[in-house]
**Q** 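Before we start, here is the structure in question, set down as C-alpha cells.
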Amino acid sequence: MSCIKSTTGTTADGTADGLGFNAYPAMQPRTPARTPQELRNGRRVKDAGLPAAGVYLPNNNVLAPHMRSPEYVQMSTAAAMTLGLMPGKMHRCECTRCLNLLLTYPEGCRANCAYCGLARHREAERDYADRNFIRVDWPAVPMEQVVDIVARDLAGSPFHRMCISMITHPRSDEDTVSVLKAWTSRVDPGAIPVSILSNPTTMTPDDVRRLKDLGADIFTVALDAATPALFDRTRGKGVQSPHKWDKYWEILLAAREVFGPQKFGAHIIIGMGETEYEALELVQRLVDLGGHSHMFCFFPEQGSLMDHLPATPRDQWRRVQLARYLIDYAGVRIEQMTFDEHGRVAAYGLPAAELEAIISDGVAFRTSGCPGKFREDVSACDRPYGDSPPSNIASYPFQPNKTDLRKIRRQLGIPVVRS
Ligand code: SF4
C-alpha cells in the first residue's frame with residue numbers, strides 16, 4: 001500500500017503549470033443527486049450490523065462494520081503507516097508528524113460540501129468508512145488502540161501533534177470531548193499537543209471553552225471557501241448543505257477569545273473561484289485578529305461534486321502560497337502588495353533580495369497548518385499529497401530541495417515577478 005495515487009489534476013488552461021486561474025464562473029459544482037431512501041443515513045451498514053473488530057482498512061470489498069466514535073476513529077493513511085497499522089511507504093517522507101483523527105459514524109457527515117469526499121451525497125455510492133478524503137483512504141481504528149500505541153513510547157513518538165477533526169453529526173460535539181479525554185487521560189498534552197478542527201455548525205461558544213478547559217491547544221475552523229458567496233455555493237444552500245458563513249465566524253471569534261493569539265486559525269482552499277486578492281484579504285484579516293491561516297490547494301477529489309473541475313494552476317497556487325507566508329510570518333501586509341486587473345498578485349511588497357531569501361528558504365512552500373516542534377512556521381500537519389499528486393506537488397510535506405525550488409521558481413515566473 002502506498003499513499004501515492006496516480007491521479008493527476010488538469011489545470012485551467014490544460015497545461016502543466018498553466019498561466020490561467022480558476023475563476024468563479026468556471027468553478028460551478030454539480031448538483032447533488034437524490035439518494036434513495038434505503039441508502040440514506042448509513043442504513044446498509046446499520047441493517048447489516050457487522051460487529052467491528054480491530055483495524056478496518058477501507059475498500060477491501062467487504063461491507064463496513066458498524067463503527068462509531070468515540071470508540072472508533074478514522075485516521076489518515078499517513079498516520080496509519082506511521083503508527084504501524086498499515087504497511088507502505090510515502091514518497092520522500094519518512095513519517096507524518098501529525099496524528100490526524102476523524103470522528104466516524106455509519107451515518108457519516110451530514111453536510112454536503114462540494115469539494116469533499118466525505119460529503120452526504122455519496123451515501124448511495126459508498127459507505128462512509130470507505131470514502132476517500134483529501135485524496136487518500138482513512139482506515140478506522142479503535143481509539144483505545146491508538147492511545148495504547150502512542151502512550152507505550154511517548155518519548156519515542158514521531159508525532160508532534162494530534163488533531164481531532166469533527167464532522168457534521170449530532171453526536172460530534174460530545175464525542176470530540178470523549179476522544180480528547182481518552183487521549184489526555186494517558187498522553188500528556190504538553191508532550192503531544194492537541195488541535196481541534198471544529199464543526200461550527202453544531203457548536204456554541206461554550207463548547208469551544210469546554211475543549212480548551214480539557215486541554216486542547218489550538219482551535220481551527222475550516223472556512224475553506226474564502227468569500228461568503230463561494231461558501232454558500234460550495235458548503236451551504238448551493239449544495240443542500242447546512243453550513244453558514246456567519247455561524248463559522250461566530251465560532252472562529254469565540255476561539256479567538258478562548259484560545260488567544262496564535263492559538264486559533266482557519267483553513268482556506270485556494271482555487272475554488274475566489275480571486276487571489278480575496279484569499280489574501282482573508283489571510284490578512286486572520287493575522288490582524290491574531291490567528292493564522294492554513295492553506296490548501298484545490299484538487300478535484302474523486303466522487304465529490306467538483307471532481308469534474310480543474311485543479312488549481314500551479315502559478316496561481318504558488319503566488320498565493322508565497323504571499324500568505326509573507327503575511328503570516330514575515331510581517332508583510334496586503335496593502336504593500338500589488339494586484340493585476342484579475343486580482344492576481346503582481347508584486348509581493350518586499351525588496352527583491354528579501355523575497356529571494358524567503359523563496360530560497362523553501363518553508364513557504366511546505367504544507368501549512370498547526371506548528372510542530374521544529375519551527376513555528378513548519379507545520380506538524382504535513383498531509384502528504386493531500387492536495388496534489390506527488391508528480392506535481394502543491395504543498396511540500398518535506399523541505400523542498402534545490403530541484404524542487406527550481407520548479408517552484410518556474411511556477412512563480414520569478415524573472416517576471418519583481419517588487
Ligand atoms: S463538513 Fe467537513 S467533512 Fe463534512 S462534507 Fe463538509 S468538508 Fe466534508
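Both ligands and their constituent atoms are indexed starting at 1 by order of listing. Being a predicted model, the structure only gives us computed values, none of them experimental.
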**Q** Is the closest basic N to carboxylate O distance between K247 and E250 below 4.0 Å?
**A**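 Yes, K247 and E250 are salt-bridged.
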**Q** Side chains of V258 and P205, heavy atoms from C-beta outward: is any pair under 4.5 Å?
**A**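 Result no, sub-4.5 Å side-chain heavy-atom pair not found.
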**Q** Would you name the heavy atoms of F398 and H91 that are closest together and state the gap between them?
**A**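 Looks like CE2-O, 4.2 Å.
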**Q** Does R235 come within less than 4.0 Å of ligand 1, judged by its heavy atoms?
**A**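 Checking ligand 1 against R235, which is what was asked, there is a heavy-atom contact under 4.0 Å.
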**Q** So that I can check it, does any N, O or S atom in C113 come closer than 2.8 Å to atom 6 (Fe) of ligand 1?
**A**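 Yes.
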**Q** Below 4.0 angstrom from a heavy atom of C109, which ligand 1 atoms are there? Numbered from 1 as shown, please.
**A**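 Heavy-atom distances to C109 below 4.0 Å select 1 (S), 3 (S), 4 (Fe), 5 (S).
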**Q** Is the ring centre of F231 less than 6.0 Å from the ring centre of Y248?
**A**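 Yes, ring centres under 6.0 Å apart.
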**Q** Do NZ/NE/NH1/NH2 and the carboxylate oxygens of E144 and R186 come within less than 4.0 Å?
**A**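 Salt bridge absent between E144 and R186.
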**Q** Can you tell me if H243 contacts ligand 1 (heavy atom of the residue under 4.0 Å from the ligand)?
**A**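 So H243 counts as touching ligand 1.
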**Q** Tell me: protein heavy atom nearest atom 8 (Fe) of ligand 1, and distance?
**A**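 Closest protein heavy atom to atom 8 (Fe) of ligand 1: C116 SG, 2.3 Å.
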**Q** Distance under 4.0 Å to a non-hydrogen atom of T168: what atoms of ligand 1 satisfy this?
**A**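 Those atoms are 1 (S).
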